[in-house]
There are 2 protein chains.
Amino acid sequence: MDREQSPSMEDYLEAISVLARGRKVVRVTQISNMLGVKKPSVTSALKKLREAKLIEHEKYGYVELTEEGQRIADDVWQRHEVLRHFLVEILGIDQERAAEDACKMEHAVSPVTAERLSKFVDFVLSRPQGEPEWLKSFKHYSEHGNFPAECKTKCERER
Amino acid sequence: MDREQSPSMEDYLEAISVLARGRKVVRVTQISNMLGVKKPSVTSALKKLREAKLIEHEKYGYVELTEEGQRIADDVWQRHEVLRHFLVEILGIDQERAAEDACKMEHAVSPVTAERLSKFVDFVLSRPQGEPEWLKSFKHYSEHGNFPAECKTKCERER
DNA sequence: CAATACTGTTCACGCAGATTAACAGTGTTA
DNA sequence: TAACACTGTTAATCTGCGTGAACAGTATTG
């Protein structure tokens, strides 16, 4: 069995998993809306995923992930979240763009890199003192083009 | 004119640019080897790029980037390098995997994110004191699973 | 239970990008 | 210059993933 899924198939698995979280039942139209593709595309993707034993789906019925399908979906989702978190919390990218970028990057990072990045984010943010000074300083720099110390009076004037 | 290039076309442009650096002349076979595709794939890619005015190439001749083609190639290459640098210098990913990941991620990051990441890497590494302590500490942690402080005697014993 | 509205599938097709096999052009060298 | 080795192109074909149009199944509701 070939466990490696294409970016497209990963997206389908991820979408199914996310949709399954809220409501208990997942339908073709929902997937179609979430991914911005037409329904025939969904139908044929589901056929592939069913043949790969990653979902269960009988004609005109609901869609469910198999255990293996869920595993892959969780994996993709985790990569997505690590990336998004990094982009927002550390680089200071705005929410919307971060989510977009994460959607594309999630298919490109190797497991090792995702794991390391996750550790990095934890390391930087989950410490006793909270967000370290240098990071605050970086965010200020990358948003305003200068360092906090260099503009104290200016900053105070702006308030 | 549509300036947005597909990942595949970006790869061709990047490869041509890199090859052009060493020798002065770029040939189909070189591109084919560098990208791991067969020669007919290169020929048809070159046709597309020629039509998009991103390269100059006459039948059986050498390949050259136009100004616009060079601009795009440089852009892709820069994203590649920023990512690779980040992966190696900050996350501590090994050279080979970092290069691989960068090759895939370079097509997924938005310009804004690439720019911000570049600033981040500079911010962290290009300071008077050199690599900050916390980063050394992170690398030690992510490679050995514990903190330098926690194992001083152990570390000393190992020397 | 019929009419209606919605959901899902099938089919024919398009496009991007890759491949193999066969052919064409180029250049080196005996 | 003729033979040979190499480089590059063409043509036919494949796969993945998407589409619109037409059709089939399901469910709601008067």
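Convention: sequence-line order gives letters A, B, ...; per-chain numbering from 1. In this text the structure is predicted, and so the values were computed from the model without any measurement.
In this structure, B:Lys38 places its NZ atom 18 Å from C1' of D:dA11, rounding to the nearest Å. Here D:dC17 presents its P atom at 4 Å from CE of A:Met9, a figure rounded to the nearest Å. Straight-line distance from the CD atom of A:Glu51 to the C1' atom of D:dG16: 14 Å, rounded to whole Å. For the pair A:His107 NE2 and D:dC17 C1', the interatomic distance rounds to 14 Å; values are reported in whole Å. As rounded to whole Å, 11 Å separates atom C1' of C:dT9 from atom CG of A:Leu46. Rounded to an integer number of Å, the gap from CG of A:Asp11 to C1' of D:dG16 is 14 Å. The nearest whole Å value for the distance from the CD1 atom in B:Ile31 to the P atom in D:dG8 is 9 Å. Atom CD of A:Glu58 and atom C1' of D:dA24 are 17 Å apart (whole Å).
Across all strands shown, A:Thr29 has heavy atoms under 4.0 Å from sugar-phosphate atoms exclusively, and none from any base. The residue B:Thr43 sits close to a base: some heavy atom pair falls under 4.0 Å. Counting non-hydrogen atoms under 4.0 angstrom, B:Lys39 reaches a base of the nucleic acid. Counting non-hydrogen atoms under 4.0 angstrom, B:Ser44 reaches nothing in the nucleic acid. Counting any heavy atom pair closer than 4.0 Å across all strands shown, B:Tyr62 reaches no nucleic acid atom. In this structure, A:Ser41 reaches the bases: a heavy-atom distance under 4.0 Å links it to at least one base atom across the strands shown.
Remark: the backbone N or O of A:Leu91 is paired with a side-chain donor or acceptor of B:Arg116 at under 3.5 angstrom. Formation of a donor-acceptor pair under 3.5 Å by the B:Asp101 side chain with backbone atoms of A:Ser110 is found in this model.
Residues A:Thr66 and A:Glu56 bring no donor and acceptor atom of their side chains to less than 3.5 Å of each other.
Under a cut-off of 6.0 angstrom, the local environment of CD in B:Glu100 is crowded, with over 12 non-hydrogen atoms contributed by other residues, nucleotides or ligands. Annotation for B:Gln78: atom CD does not count as buried by contact number, only 12 or fewer foreign heavy atoms lying within 6.0 Å.
Contact check, A:Lys59 against C:dT10: a side-chain N or O comes under 4.0 Å of OP1 or OP2. In this model, the phosphate group of D:dC17 is approached by a side-chain N or O of A:Lys48 to a distance below 4.0 Å at OP1 or OP2.
For A:Arg27, the listed nucleotide lying nearest its side chain is C:dG8; candidates were C:dT19, C:dG8, D:dG8. Comparing atom distances between the A:Tyr12 side chain and each of C:dG17, D:dC17, D:dG18 picks out D:dG18 as nearest. The A:Tyr60 side chain lies nearest to C:dT9 when the options are C:dA18, C:dT9, D:dA11.
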